[in-house]
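Data block below; observations after.
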Amino acid sequence: MFKPFYITTPIYYVNARPHLGHAYTTIVADVARRFHSMRGQETFFLTGTDEHGDKVVRSAKKEGLSPRTYVDQISGLFRSLWPELNIQYNYFIRTTDVSHISIVEEIMQKIYDAGDIYFSEYEGLYCFGCERFYTARELVDGKCPDHETAPEIIKESNYFFKMGRYQNWLIDHIKNNPDFITPERYKNEVLSFLKEPLEDLCISRPKTRLKWGITLPFDENYVTYVWFDALLNYVSALGYPDGDLFKTYWPNARHVVGKDILKPHGIYWPIMLKAAGIPEYQQLHVHGYWNVDQSKMSKSIGNVVEPLQLKNVYGLDAFRFFLMRDMVFGLDSNFSEAALVQRINSDLANDLGNLFSRILTMAIKYFSGVVPQIDAKVEREFELGLDSEALKAITEFENHMETFVFHKALMAIWELISHMNKYIDLTTPWVLAKKKSSRKQLEVVIYNLLEALRIISGLIYPIMPDTAKTMQKHLGLDPEKPFYHLEILKRWKSLAPGTKLLKSVALFPRIDLKEDQTSSQTKRESGADMPAVKPEITLDTFDKIDLRAGTVIHAEAIPRAKKMLKLEVDLGEKKTIVAGISGSYSPEELVGRQVIVVANLKPAKLMGILSNGMLLAAVEGDDCTIATLDKKVKSGTPIR
RNA sequence: GGCGAUGUAGCUCAGAUGGUCAGAGCAUACGGCUCAUAUCCGUAGUGUCCGGGGUUCAAUUCCCUGCAUCGCCA
């Protein structure tokens, strides 16, 4: 029996919207959680948002909102994203939760009473964007390297946490528990950092400078510094110290984090736990970055792949599969649409999808869609080791999933898929089907293949839960049952003869790129984000387009149309134009503005309204910016 | 500036205490099958294993050095 399993993501800082990096971390946690439920383990999955600090106050102010309203909004974005990615968390914590705050106070008081927190004066160069002090040498031209603004000199008294006291203890702990921080490269990184003496950690901010935080229990003039408040979420969410959840799950706690927050999780957090007299977490799993178009994914760089967008285009399960299959956990990876499409076509459509389809079709054709009964003697002759291949795949899968080596876990499944394709080739069921005398052999072959499909559907469950269920359904099984339990998967010949199968479906349609492919190819080669320039045209061709200056005289949203606005535009004569820009503009802000209109575009009915033209706009993904004129001209003026 | 990692087929990456260690997947070419989502199976390649120097009977693998990329620290 395995212990109950507790997995966490970091609580995400709410000064930015969710991006691919957040999605990856959270999907990893979801996959791990689902894997452990395959072993019949009880699981608890925690995620949430980190909502205090200066940056939040600033972001809120920029949007003209109170911090409270602002954090509610962004936190809501995260919370509503996860179900869309089929992520099943048990609890969503917010550092502004009352229950969290009271536990932070309790633990801080405990550490303070133990004498590990002291009061001291500090002067330094402070960057408000980074919420941290800088040493003079760290600055570039006297400016913060991230924000390119000059830091301010701030002198203040603060509370400090004596980390150095626990340094040697931590080194020993890491050495005695080789799996405490994985993969190994990150353990080494932490150890090498610990070779230098640890500085004490500043854990407070005076309220004169920052009010948006948790008040220190031992000094009401101060609030906690972001990390101290944030890290404690992992125990406060379980109802430390007496909650049943805490007792059940904390002994097997695993944290998933990106390498950017290795230090807080690999150093501050274990020391905080030690100082508070709380047992250590079990394991820290550190992953790398997804690089998108060469530059990194980052909260502050704004170069962000909308995870939602790609999962909508190519399907959620394919998206989850790609993230888990293409990244070696711990290392950086490159994210590109072309790589995603290649994975989908070769691994999902050609291998898995096609295999599923060919087996089901044969079963339906040869056995009227009923799982055949098999003859034991013929079975031995025609099994060809498929059962042991399946068992091998399960074993390897289990080992790799346990250690977060997801890409190898998936490779083990795909090796079985490849064996099944070879098995079909060797046994040639379509030949067996032609003769009555080989009926028994055919039964064995098809039965074995269906059985192997059952196993595959269970193994892909943590990564592609929806596809797993679809496969179960078509195999005549109940997708709501825990079909993915490893114990059931290991039981070869579980599929009962007589089970009614469903007609096959294309699990993953092939994606044909054609011209699209070339444009995205050029995109990558030129290094820029832009689509390739279209083929050359002559001036004559251009002259056929009648562009006019127009003035928007009325604008309204179209009910039930997500992006569409209905505009009345004055082009000398009044025209109705439907434009897909409501994601970027409200109707009110458009009225009175001058726009550039394609005046001779063939009218088209959009959302039931006849549109007599098109606005010019720069389009960046979902966002667009309308083209306007430098100064006001008469409505209807031609443009060339 | 210090420490560390990485540099292997067109692409993404495996690899060995120095001697079948030059590999896999994808992409490419050719052959086969027809149950299948033009899918599957088989065959075939190409590589100064980043450059230079050294140790050795033998180095892609060890040492030194240079270059490039990346990370951590100051």
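Lettering follows sequence order; numbering is per chain, from 1.
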Could you list the donor-acceptor pairs under 3.5 angstrom formed between side-chain atoms of residues 338-364 of chain A and any protein atom two or more places apart in sequence or on another chain?
from, atom 1, to, atom 2, distance (Å)
A:Arg343, NE, A:Asp326, OD1, 2.5
A:Arg343, NH1, A:Asp347, OD2, 2.9
A:Arg343, NH2, A:Asp326, OD1, 3.2
A:Asn345, OD1, A:Ile511, N, 2.7
A:Asn345, ND2, A:Ile511, O, 2.9
A:Ser346, OG, A:Gln342, O, 3.1
A:Asn350, OD1, A:Arg510, NH1, 2.7
A:Asn350, ND2, A:Asn345, O, 3.4
A:Arg358, NH1, A:Asn421, OD1, 2.6
A:Thr361, OG1, A:Ser357, O, 2.6

For [N], which nucleotide is its Watson-Crick or G-U wobble mate, given both distances must be under 3.5 Å?
N	result
B:A74	none
B:A29	B:U43
B:U17	none

Near-strand residues of residues 448-458 of chain A, defined as heavy-atom separation under 4.0 angstrom from RNA chain B: none
Positions of residues 175-201 of chain A (non-hydrogen atom under 4.0 Å from RNA chain B), listed by number: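 Per residue number, the list reads A:Arg185, A:Glu189, A:Phe193.
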Pairwise side-chain contact, A:Leu194 with A:Ile267, heavy-atom cut-off 4.5 Å (strictly under): yes
Could you tell me which residues satisfy ring-ring contact (aromatic ring centres under 6.0 Å, His included) with [X], sequence neighbours excluded, listed by chain and number?
X	result
A:Phe193	none
A:Phe180	A:His173, A:Tyr281
A:Tyr461	A:Phe483, A:Tyr484

B/S/- contact track for nucleotides 21-36 of chain B, protein heavy atom under 4.0 Å: -----S------SSBB
Residues in side chain to side chain donor-acceptor pair (under 3.5 Å) contact with [X], at least two apart in sequence or another chain:
X	result
A:Trp227	none
A:Asp179	none
A:Glu396	none

Can I get a per-line list of side-chain donor-acceptor pairs under 3.5 Å for residues 402-410 of chain A, giving both atom names and the distance, sequence neighbours left out?
from, atom 1, to, atom 2, distance (Å)
A:Glu402, OE1, A:Arg39, NH1, 2.8
A:Glu402, OE1, A:Arg39, NH2, 3.2
A:Glu402, OE2, A:Arg254, NH2, 3.3
A:Thr403, OG1, A:Asn399, O, 3.0
A:Thr403, OG1, A:His400, O, 3.3

ring-ring contact (aromatic ring centres under 6.0 Å, His included) contacts touching residues 424-444 of chain A (sequence neighbours left out):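 Counting only pairs at least two positions apart or across chains, no ring-ring contact (aromatic ring centres under 6.0 Å, His included) contact touches residues 424-444 of chain A.
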